[in-house]
Amino acid sequence: MGSTDKSLNFIEHIIEDDLRKNYFREQLRFRFPPEPNGYLHVGHASAICLNFGLGLRYNAPVNLRFDDTNPAKEEQEFVDAIKKDIEWLGYKWDKECYASDYFEQLYNWAIQLIEAEKAYVDSQSSDIIAEQKGSPTTVGTNSPYRERSVDENLELFRKMKNGEEPEGAHVLRAKIDMSSSNMLMRDPVMYRVLHKHHHRTGNDWSIFPLYDWAHGESDYYEQVSHSFCTLEFLPHRELYDWFLDQIHKPTQLRPKQREFARRNISHTVVSKRKLAKLVEQGSVTGWDDPRMPTISGMRRRGYTPTAIKNFVESIGVAKRENLIDVSHLEYNVREDLNKTATRVMAVLNPISLIINNYPEGKEEWVSNDNNPENANSGSHQQPFCKVLLIEREDFKEDAGSKFFRLSLGKEVRLKNAYIIKGETIVKDEKGNITEVHCSYDPESLSGSGTEASMRRVKGTLHWVSKAHAFAADVRSYDRLFTDESPDTHKDKDFMEFVNPNSLEVLTAYCEPFLNEAKAGDRFQFQRIGYFCVDPDTTSEKMVFNKTVGLKDTWAKQKPQQPQAQKQSNNQPRQERPAIEQIKQLGKKFTNFPEDKQAMMAQKITELAGAVPIQDLAPLFGTAAKKIGTRIATLLTLKVLLENGLERNDQIQDFVDSAKEDRYPYLSNLAKGL
């Protein structure tokens, strides 16, 4: 690819490599396969942007396929919500597909496996089956039903399908290898009996396929070229390929599964099961609660599709899971809204401001720019009169030199209006300030061109006319969880970290321009933050959700971490993970002469024994130009293979590509494997 290599992520490198080898561009087809058992969240947004983004990059179709194989948890509501979310993000799918579309075909393929003695009906309980699978260090035990005759298996499977067998009585299992080092290959379950109503097929089926059986076969039926999954599905790839081996025809394109890392967001959870628990236990008002990390929740809060897509692009596609601070997402939201949101004035914690020398009964209208970032956004008018409302914290009776807002004897500008000077205050019987009295300079109106209007003062305040303002509810949100990673504590339930103060409802007093706002409209409340009109708004009461503040104030609230103490000479320095040391050695490998390379290769070989295949596998997609990293990967792989690692297609593909490399050290090393 030459100079364009830098712009490609490792997923695109896989596609480009396939196009060079045995794929045609017109064969490319991608898919996004959600399970309709909940609403999509920010993690799904990354997968949506990846798959549909690849479709746009390669001008290839993208299927939306619902993995609707579990009627106990799936509902039409979730299907509709998923479609709405994808469309809102701005993407269009080529075909709307459902795993249930292929129930008949999947059943027929299962029959073929039974007839080929590669699948059997097991009549044991799920607990016994799980026990017989053994452990990663002990082989499994064959089921006593593993050698059932083909005829008996076919008859039982037919009865399961027709609803003649009770739930839990039987399952259909693939007959693979109960001694496989991959636990998923130890005769996995393909079908179970469920007497549940399906949201699309009704009561037509009493057996439902499990994900591993439906996934690859659905990809094959749709002729999906690349099936991209999150990293936890890496061990499933071997099973994905085994199932395809049983049905694939040479004339048909064979799908390829590849994996990328999840992107977790701080101070929230992205497990649909855990999100459902928040809904069920009333910690939030629903799946679209603005505190939820769901796409519908973010939409309701006022996030924009552009902001979400910019966030996804900024974090990239990775091979290793990472925790992204939610403030990075909020930064992208703030950046986009700054360009698009209309500026308005609203006061959230009001105190009355009386202009003593302003004529009684006079009313004038001042002009507010809708968005100074957009010269074509226009302006609107705001009423100004003798009695205004300002924020209580914008006045201080005894102010220091660094307080640049209103105080007695000090001048500030009312935004888009006049310069005022604090004169006196009125307090109630408890000593609380109820009114601030000031004077104004009638020659200082903003934009009037007078000498007084150009006079500079340090403070500028937002305000509303008390007589014209209307009250609205404002929902102000904090982090949903008090811990940045609430579901990683082995000894605590994530619900223990739910923030009891994540929602505060305030009364705001808004300028009349906002009276015409509709649900979904976004605004910047000047000097406060960005807000969105909530669907709960009625003709009697407008409701705003605070989307994000003008600045990231959360960072200031984080407790300061104590400075790490220097280790004494007597303390051993903590080693980085072996895979990280190997990657670092690989980056520098080709910069050194042969004798130094030999020493580095020896070091990599010593470290390799401590590297699990799950850590090494992501390096198989390393760009061709990164010779040193590929050499380090091969050296590590060599040790793992010598230690008994089973060679699969992914490993073989990597070795084969290295054999063809022009760099002699790399190609010779690969040929030795």
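Side-chain atoms are counted along with the backbone in the values below, which use heavy atoms only and exclude waters and symmetry mates. If you read the sequence from its start, that first residue is 1, and numbering goes on from there.
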*asked:* If you apply the rule side chain to side chain contact (heavy atoms under 4.5 Å, CB included), what do you find for R301 with V548, and how did you get there?
replied: CA-CA 9 Å; R301 186 161 176 168; V548 66; over 6 Å; no

Presence of salt bridge, [Y] and [X], under 4.0 angstrom:
| X | Y | answer |
| --- | --- | --- |
| R299 | D85 | yes |
| R273 | E280 | no |
| D441 | R455 | yes |
| E222 | K95 | no |
| K73 | D68 | no |
| D289 | R291 | yes |
| E330 | R479 | yes |
| D101 | R200 | yes |

Work out which heavy atom in [X] is nearest to a heavy atom in [Y]; give both atom names and the distance.
| X | Y | answer |
| --- | --- | --- |
| S227 | R31 | OG-NH2, 2.9 Å |
| G549 | Y530 | O-CD1, 4.3 Å |
| G55 | V62 | CA-CG2, 3.7 Å |
| A307 | V333 | CB-CA, 3.6 Å |
| S407 | F395 | CA-CE1, 3.7 Å |
| H197 | P71 | O-CB, 3.5 Å |

With no hydrogens and no angle check, is any side-chain donor or acceptor of [X] less than 3.5 Å from a backbone partner on [Y]?
| X | Y | value |
| --- | --- | --- |
| H41 | V270 | yes |
| K386 | I354 | no |
| N332 | H328 | yes |
| S448 | L445 | yes |
| S502 | D478 | no |
| S377 | N371 | yes |
| N51 | A47 | yes |
| T230 | R262 | no |
| D534 | T537 | no |
| T294 | L40 | no |

Less than 6.0 angstrom from the centroid, inside 45 degrees of the normal: does [X] satisfy that with respect to the ring of [Y]?
| X | Y | answer |
| --- | --- | --- |
| K274 | F494 | yes |
| K362 | Y358 | yes |
| K309 | Y91 | yes |

[Y] versus [X], side-chain donor and acceptor atoms under 3.5 Å:
| X | Y | value |
| --- | --- | --- |
| N368 | Q381 | no |
| D336 | T304 | yes |
| E443 | Y418 | no |
| K466 | S352 | yes |
| N37 | E74 | no |
| S283 | Q281 | no |
| N545 | Y477 | yes |
| H380 | D369 | no |
| H468 | E363 | yes |
| T460 | R413 | no |

*ring pair (Phe, Tyr, Trp, His ring centres under 6.0 Å) between F233 and Y211, worked out*: CA-CA 11 Å; F233 289 98; Y211 174 82; 5.2 Å; yes

*Given H462, which of E511, R343, E391, K415 fulfils the side-chain hydrogen bond (donor to acceptor under 3.5 Å, both in side chains) condition?*
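So, applying the side-chain hydrogen bond (donor to acceptor under 3.5 Å, both in side chains) to H462 and each of E511, R343, E391, K415, only E391 qualifies.
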
*For this output row, return yes or no: ring centroids of H267 and F481 closer than 6.0 angstrom.*
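No, the ring centres sit 6.0 Å or more apart.
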
*What do you reckon, are the aromatic ring centroids of F531 and F525 less than 6.0 Å apart?*
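Judged by ring-centre distance (under 6.0 Å), F531 and F525 do meet the cut-off.
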
*Could you walk me through whether W93 and F52 pass the ring pair (Phe, Tyr, Trp, His ring centres under 6.0 Å) test, one step at a time?*
CA-CA 8 Å; W93 52 87; F52 283 94; 7.2 Å; no

*asked:* Applying the side chain to side chain contact (heavy atoms under 4.5 Å, CB included) criterion to L414, which one of I420, L406, V366 satisfies it?
replied: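 Of all the options given, the one that passes is I420.
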
_side chain to side chain contact (heavy atoms under 4.5 Å, CB included) evaluation trace for T424 with V436_ = CA-CA 6 Å; T424 60; V436 176; over 6 Å; no

